[in-house]
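Worksheet: the structure to be examined is printed underneath.
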Amino acid sequence: MAIEFTKYHGLGNDFILIDNRSSSLPVLTPEQAVKLCDRHFGIGADGVIFALPGENGTDYTMRIFNSDGSEPEMCGNGIRCLAGFLADLEGESRNKDLYRIHTLAGTIAPQLMPDGQVKVDMGLPRLLAREIPTTIAPAEEKVIKQPLELAERIWNITCVSMGNPHCITFVEDVAAIPLETIGPQFEHHPVFPQRINTEFIQVVSRDYLKMRVWERGAGITLACGTGACASLVAGVLTDKCDRTATVELPGGPLQIEWSEIDQRVYMTGPAERVFTGKL
Ligand SMILES: N[C@@H](CCC[C@H](N)C(=O)O)C(=O)O
């Protein structure tokens with residue numbers, strides 16, 4: 001069977017997009033996704049994203065497999081790419097700019113902007129230890145500047161769920177963090193029963209943060225949208241940044257806002273089509 005795909009990226013966080021609108025089950029297994037994501041023996045990507053029929057009154061459903069085959073609840077860069085992909089698929093019959101997408105993290109709403117960027121209503125951040133989830137604090141408490149011992153060092157971590165789990169730590173110099181060795185130790189630390197995405201943040205000013213990330217199930221990536229949102233929330237909670245800031249990632253900048261009005265997080269950034277192909 002031939003399967004068509006489109007390769008997209010959001011600031012270098014890259015995905016294989018599959019038109020799965022005729023079935024509610026992904027046409028590929030997690031094992032097949034792992035093979036396709038391989039950068040030497042496959043197409044190469046950080047994950048595979050499926051555009052499925054909508055559920056619960058939404059326009060579409062997004063499912064995603066990480067490059068290790070695990071299934072995360074949400075993906076910020078991925079949902080911008082999905083919005084671009086859906087607009088391509090709908091072509092001339094498209095009659096809206098704002099999609100309501102069902103995800104394992106709830107309904108997320110990406111909007112295609114006139115300048116080509118995609119602005120996403122990422123929903124409410126979740127802050128309680130049980131919502132992350134983490135056992136580092138009592139279930140009903142927030143995890144803000146909590147000490148975590150790892151690699152012979154104490155890291156003060158703040159945890160935020162954007163549907164998927166994030167652990168944020170503020171550092172003097174992001175370039176000096178040995179991500180390859182430290183990242184997996186955070187990801188598999190026993191206080192995170194569902195593993196964790198870890199963001200290292202350097203505060204350049206109250207509206208400009210530099211970020212590097214180790215992603216659960218994908219390792220080092222050039223950008224992480226949910227991670228940038230979680231990091232801004234962590235920065236506000238620890239009084240390191242304003243509610244609106246640019247988060248600069250290795251792949252480029254994202255604009256993030258934690259709205260004072262509705263307490264929801266908004267992310268704006270690009271989604272770029274790279275090529276199409278047939279498996
Ligand atoms: N890169 C994504 C996040 C993808 C999921 C993540 N690896 C997880 O397992 O939670 C983003 O842009 O948000």
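These numbers come from a predicted model, not from an experiment. In listed order, ligands and their atoms are each counted from 1.
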Quick check on [X] - does any of its heavy atoms sit under 4.0 Å from an atom of ligand 1?
X    : value
G217 : no
H166 : no
T221 : no

Approximate separation, where rounding is to 0.5 Å, of [X] [atom1] and [Y] [atom2]:
X    : Y    : atom1 : atom2 : result
N164 : R195 : CG    : CZ    : 12.0 Å
L82  : M62  : CG    : CE    : 6.5 Å
F170 : E199 : CZ    : CD    : 10.0 Å

If the cut-off is 4.0 Å to any non-hydrogen atom of [X], which atoms of ligand 1 fall inside it?
X   : result
P72 : 5 (C), 8 (C), 9 (O), 10 (O)
G76 : 11 (C), 12 (O), 13 (O)
N77 : 11 (C), 12 (O)

Worksheet entry | Flag, side chain of T169 to backbone of W155, donor-acceptor distance under 3.5 Å |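 No, because the side chain of T169 does not come within donor-acceptor range (under 3.5 Å) of the backbone of W155.
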Fill in: Mode of M162 contact toward ligand 1 - side chain, backbone, both, neither (heavy atoms, under 4.0 Å)
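For M162, no heavy atom sits under 4.0 Å from ligand 1.
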Fill in: T226, portion touching ligand 1 at heavy-atom distance under 4.0 Å
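The answer is both.
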Tell me, which protein residue and heavy-atom name are nearest [atom], and how many Å apart are they?
atom                    : value
atom 4 (C) of ligand 1  : E215 OE1, 3.3 Å
atom 2 (C) of ligand 1  : C75 SG, 3.1 Å
atom 6 (C) of ligand 1  : N197 OD1, 3.4 Å
atom 9 (O) of ligand 1  : R216 NE, 2.8 Å
atom 12 (O) of ligand 1 : G225 N, 2.6 Å

Worksheet entry | Note, P110 side chain near R80 side chain (heavy atom, < 4.5 Å) |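 Not in contact.
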Worksheet entry | Heavy-atom check, side chain of K119 versus side chain of Y266, under 4.5 Å |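 Of all side-chain heavy-atom pairs linking Y266 with K119, at least one is under 4.5 Å.
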Worksheet item: Does F65 have its ring centroid less than 6.0 Å away from the ring centroid of F50?
Response: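 Judged by ring-centre distance (under 6.0 Å), F65 and F50 do meet the cut-off.
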Practice prompt. Kindly state whether the ring of F186 and the ring of F200 have centres lying under 6.0 angstrom apart.
Written response: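 So the answer is yes for these two rings.
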Discussion item. Looking only at distances, can you tell me whether any N or O atom of E73, backbone or side chain, sits closer than 3.5 Å to an N or O atom of ligand 1?
Written reply: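 The answer is no, given that E73 and ligand 1 share no N or O pair closer than 3.5 Å.
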Item to complete: Grab the two heavy atoms, one from L254 and one from C224, that are nearest each other, plus how far apart they are.
Response: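 Looking at all heavy atoms of both residues, the closest pair is CD1-O, 4.4 Å.
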